[in-house]
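Atoms within a ligand are numbered from 1 in the order they appear, just like the ligands themselves. If you're wondering where the values come from, they're calculated on a predicted model, not measured in any experiment. Both backbone and side-chain heavy atoms feed into the values below; hydrogens, waters and symmetry mates do not. The residues of the chain are indexed from 1 along the displayed sequence.
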Amino acid sequence: MQRRDDPVSASDWCRAQLVAGRKLGFVPTMGALHEGHLSLVRRARAECGLVAVSVFVNPLQFNEARDFERYPRDFDGDARLLADAGCDLVFTGTLEQFFPESGGARDRIAWREPGASAEGLEGALRPGHFRGVATIVARLFELVRPTRAYFGEKDFQQTLVVRQVARELGYPTIVVCPTLREPSGLARSSRNELLSAEQRERAVAIHRGLLRSRALWREDGERRADALRAPIREELALAHLELEYAELRDPDDWTSAEPVAPLERAVALVAARAGSVRLIDNLRLDESSS
Ligand code: PAF
């Protein structure tokens, strides 16, 4: 596996593969890799043959300095896991290296606007977050020029933003992969490392609530957003998790506010805090998702 600490030399390697006619799968990450990321790497490997992974804790997408500072980092550990998973290139870099035109000044970065799917929910609670995501993802795509790029469905709204970036650039094909869960049902996330054993147990309530909501959709034919979100709120309250939102959306027609009319398609989305650890999750109610 190639390992590069500088995005330009990583980009050169990627160009050489493309010139040689190879297909490149790309998995952008912020490191602290877990089974969820590795499943993306394996899928990329199966579909493209060659896989590049970026590891960069992108400061542009954090709206809380404390969250950025304590985001878990272990580049050597990540590189070992990636080598075992069959990754061909792992690279990282500094903010200045990714955006050399800025000379380190944020106001000189060529920011990318994330579009309408960034409105509401995560976009409302984390101002600037998706602008930071769109900006780094576009830059990473320009450096790697992948054929396909892989993202986890856990960050549902992010997948919409990333699809928009890819539409604007004209590449790559975006592949959204199912959320990987721990046996308890808790969605795998790098932030889970920050949970105490007791918080981890309480956090399972998020998935329990989502499953109850899906049962309402499937078994009772419930289509009203307010009724579908009720069991999620109930489970979070019982587990003493601090609710940020539990709302429904039509996954194919994103709206910043929750639809009032009965839904034809639905994804339930949740953000909650266990202590100071922020967790998000979602579940498609109208089709099987994990
Ligand atoms: O999902 C993430 O880990 C990040 O938002 C991403 C896509 C790597 C951009 O920094």
Side-chain angles (χ1 to χ4, degrees), residues 7 10 25-41 43-44 51-64 67-75 77-78 81-82 87 89-95 97-99 106 109-115 117-118 121-123 125-144 146 148-166 168-169 171-180 187-194 269 271 277-282:
F26 176 45
V27 184
T29 80
M30 298 206 299
L33 302 182
H34 51 73
E35 206 36 53
H37 297 107
L38 300 177
S39 73
L40 303 183
V41 173
R43 172 108 179 244
V51 190
V53 174
S54 60
V55 173
F56 177 54
V57 185
N58 169 32
L60 306 181
Q61 70 188 72
F62 284 83
N63 52 335
E64 286 175 25
D67 191 24
F68 173 67
E69 276 152 25
R70 68 177 199 158
Y71 198 87
R73 291 164 171 87
D74 177 13
F75 189 60
D78 290 340
L81 288 173
L82 289 170
C87 172
L89 165 74
V90 59
F91 72 96
T92 186
T94 62
L95 187 65
Q97 286 174 322
F98 279 110
F99 299 96
R106 287 193 182 206
I109 285 175
W111 290 92
R112 183 168 278 268
E113 295 308 324
S117 52
L121 301 190
E122 288 300 291
L125 279 159
R126 304 181 68 190
H129 167 65
F130 286 126
R131 195 170 175 242
V133 170
T135 301
I136 188 66
V137 165
R139 181 53 53 98
L140 290 165
F141 286 170
E142 285 161 357
L143 288 164
V144 176
R148 291 170 169 244
Y150 296 79
F151 294 85
E153 196 171 35
K154 185 175 86 67
D155 297 294
F156 185 86
Q157 203 175 352
Q158 171 171 279
T159 65
L160 304 180
V161 168
V162 163
R163 280 189 198 283
Q164 177 63 32
V165 171
E168 285 168 13
L169 292 176
Y171 69 94
T173 301
I174 302 297
V175 183
V176 175
C177 303
T179 302
L180 247 71
R188 294 205 190 247
S189 162
S190 306
R191 287 192 173 84
N192 293 355
E193 282 182 32
L194 304 171
L269 303 115
V277 185
R278 187 170 191 274
L279 301 167
I280 63 169
D281 200 353
N282 69 81

* Please state whether the rings of F62 and Y71 are parallel, tilted or perpendicular, taking 30° and 60° as the class boundaries. =>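 Answer is perpendicular, since the angle exceeds 60°.
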Find all atoms of ligand 1 within a distance of less than 4.0 Å from any non-hydrogen atom belonging to [X], and give their numbers and elements.
X    : value
Q61  : 4 (C), 5 (O), 9 (C), 10 (O)
T29  : 8 (C)
I136 : 9 (C), 10 (O)
Q158 : 1 (O), 2 (C), 4 (C), 5 (O), 7 (C)

Charged N-O contact under 4.0 Å between [X] and [Y]:
X    : Y    : result
D78  : R73  : no
E122 : R278 : yes
R112 : E168 : yes

* T159 OG1 to K154 NZ distance, which is reported to the nearest 0.5 Å ->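 It is 12.0 Å, given to the nearest 0.5 Å.
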* To do: Considering heavy atoms of the protein only, find what lies nearest to atom 3 (O) of ligand 1 and give residue, atom and distance to 0.1 Å.
  => M30 CG, 3.6 Å
